[in-house]
Amino acid sequence: MNQGRFITIEGTEGVGKSTNLAFIRQWLEARGQRVLVTREPGGTPLAEDIRTLLLSPREEPVTPMTELLMIFAARAQHLEQVVKPALARGTWVLCDRFTDSTYAYQGGGRGFDQQVIAQLEDLVQGSLRPDLTLVLDIDVKEGLSRASQRSDPDRFEGETLAFFERVRAVYRGLAERAPERYALVDAGQPLADVQRELADALASLANS
Ligand code: T5A
C-alpha cells in the first residue's frame, strides 16, 4: 500500500486555517483520497490535555523551555498514536499547525534558539517532515481582528503585535527558502481566491 501524504496548514492568528480545512479535505476526498484531519497541539486525548494546559491563560509565568517541551511532548504522542499509523495505511493526513508553528512562535515569537528546536524536531520526528505546508499569510493586525471576533483570547493571543510580526517573518522566511515544500498564500484575499491558490498547491502535490 502507498504511504499517505502529510499536509500541514500554518499561519498567524485568525489567518483562516480552520475555515480552509474543510475545503482542503473536500478537495482531496473528491479526488479519491482518504483524509484524516487533525491538529497541534492536540490530536489525541493526552495531547489535547496538554493543549488545554498550553493555551489557558494563567498567572504563573510559563518558561519558554517548559512551553517548548510541552509542545514536543504533545507532538510525540500525536505522531505515534495518530499521524504515523494513518500515513502507513495510506491515509492522507491534514494537520492544523505542526513544527513550523514551533519555529515561528517559540523560535521567532519567544526568541528560542532555532538550533534547539531543530534538535528536538530530529529527536521526536526522526526523518518525518510534511510533504506540503500551506502557509496562510496576512497582515498581523487584520488576522488578530478576525480572531478576536470569534472567541476570547487564549494565552498566545494576548501577546504583543511585535511578537506576531516576528512569528509572521519566520513563516515567510521558511516559505521563501524552500518553495518546493511550502506554498505561501495571501490570506487577505477573498476566500474564493485563497481557495483557488490552495487548490493549485494541492494539485501540484497530487500530481507529483
Ligand atoms: N502554537 C501551536 C505554538 O506556539 N507552537 C506550536 O508548535 C503549535 C503547534 C494554537 C496556538 O498554539 C500556538 C499557536 C497558536 O496560538 P490555534 O487554535 O491552532 O491555536 O491557532 P489560532 O491561530 O488561534 O487559530 P484560529 O482558530 O484563531 O485561527 P484560524 O483557524 O487561522 O482562523 P479561522 O479559520 O477561525 O478564521 C478566523 C475568522 O476569519 C474569517 C473566518 O470566517 C473567521 O471568522 N475568515 C475570513 N474572512 C474574510 N476573508 C477571508 N479570506 C477569510 N478567511 C477566514
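One-based numbering, in listed order, for ligands and for the atoms of each.
- Nearest protein heavy-atom neighbour of atom 33 (O) of ligand 1: Gly16 N, 3.2 Å.
- Ligand 1 has no atom lying under 4.0 Å from any heavy atom of Gly11.
- Shown in contact with Leu191 at under 4.0 Å from a heavy atom are these atoms of ligand 1, numbered in order with element: 52 (N), 54 (N).
- Atom 26 (P) of ligand 1 has its closest protein heavy atom at Arg150 NH1, 3.0 Å.
- Taking the side chain as every heavy atom from C-beta outward, Val185 and Val194 approach each other to under 4.5 Å.
- Here the CG-OG1 distance, from Asp96 to Thr38, works out to 9.0 Å after rounding to the nearest 0.5 Å.
- Both Leu205 and Leu21 are members of a single hydrophobic cluster when ILVMFWY side chains are connected at heavy-atom separations under 4.5 Å.
- Ile7 is not connected to Leu79 by any chain of hydrophobic side-chain contacts under 4.5 Å among Ile, Leu, Val, Met, Phe, Trp and Tyr, and they are in different clusters.
- Formation of a donor-acceptor pair under 3.5 Å by the Arg51 side chain with backbone atoms of Pro41 is found in this model.
- Residue Leu134 comes nearest to Ala201 through the heavy atom pair CD2-CB, 3.7 Å, listed as atom of the first residue, atom of the second, then distance.
- Using a non-hydrogen distance threshold of 4.0 Å, Arg51 registers as a contact of ligand 1.
- With rounding to the nearest 0.5 Å, the separation of OG1 in Thr19 from CG in Leu136 is 9.5 Å.
- Interface atoms of ligand 1 facing Glu40, defined by a heavy-atom separation under 4.0 Å, are 9 (C).
- Scanning both residues, Val93 and Ala86, for their nearest heavy atoms gives CG2-CB, 3.7 Å.
- The ligand atoms of ligand 1 that sit less than 4.0 angstrom from a heavy atom of Ala187 are 52 (N).
- Taking 4.0 Å as the cut-off, Arg155 does not count as a neighbour of ligand 1 on heavy-atom distance.
- Interface atoms of ligand 1 facing Leu55, defined by a heavy-atom separation under 4.0 Å, are 11 (C), 12 (O).
- Looking at Gln106, Gln189, Arg39, Glu142, it is Gln106 that brings a heavy atom closest to atom 5 (N) of ligand 1.
- Ranking protein heavy atoms by distance to atom 31 (O) of ligand 1, first place goes to Ser18 OG, 2.6 Å.
- Set against the non-hydrogen atoms of Thr102, the atoms of ligand 1 under 4.0 Å away are 6 (C), 7 (O).
- Checking side-chain atoms of Glu48 against main-chain N and O of Gly43 turns up a donor-acceptor pair under 3.5 Å.
- Looking at Glu67 and Arg155, a side-chain N of the basic residue comes within less than 4.0 Å of a carboxylate O on the acidic one, giving a salt bridge.
- For atom 29 (O) of ligand 1, the closest heavy atom belonging to the protein is Gly14 N, 3.3 Å.
- Numbered from 1 in the order shown, with element, the atoms of ligand 1 that lie under 4.0 Å from a heavy atom of Arg75 read 7 (O), 9 (C).
- With rounding to the nearest 0.5 angstrom, the CD1 atom of Ile24 is 12.0 Å from the CD atom of Glu29.
- Between the choices Phe98, Phe72, Tyr105, the shortest heavy-atom distance to atom 14 (C) of ligand 1 belongs to Tyr105.
- For atom 43 (O) of ligand 1, the closest non-hydrogen atom of the protein is Thr19 OG1, 4.0 Å.
- Atom numbering of ligand 1 starts at 1 in the shown order; those under 4.0 Å from a heavy atom of Pro41 are 2 (C), 8 (C), 9 (C).
- For atom 53 (C) of ligand 1, the nearest non-hydrogen atom from the set Lys17, Arg146, Glu13, Glu159 belongs to Arg146.
- In this structure, atom 6 (C) of ligand 1 lies nearest to the protein heavy atom Ser101 CB, 3.4 Å.
- What sits closest to atom 23 (O) of ligand 1 on the protein, heavy atoms only, is Arg97 NH2, 2.7 Å.
- Ring planes of Phe164 and Tyr105: perpendicular class, angle over 60° (limits at 30 and 60°).
- Short contacts between ligand 1 and Val15, defined as distances under 4.0 Å to a heavy atom of the residue, involve ligand atoms 32 (O), 33 (O).
- Heavy atoms of Glu67 come nearer than 4.0 angstrom to ligand 1 in no pair at all.
- The cationic group of Arg75 lies under 6.0 Å from the six-membered ring centre of Phe72 and within 45° of the ring axis, placing it in a cation-pi geometry.
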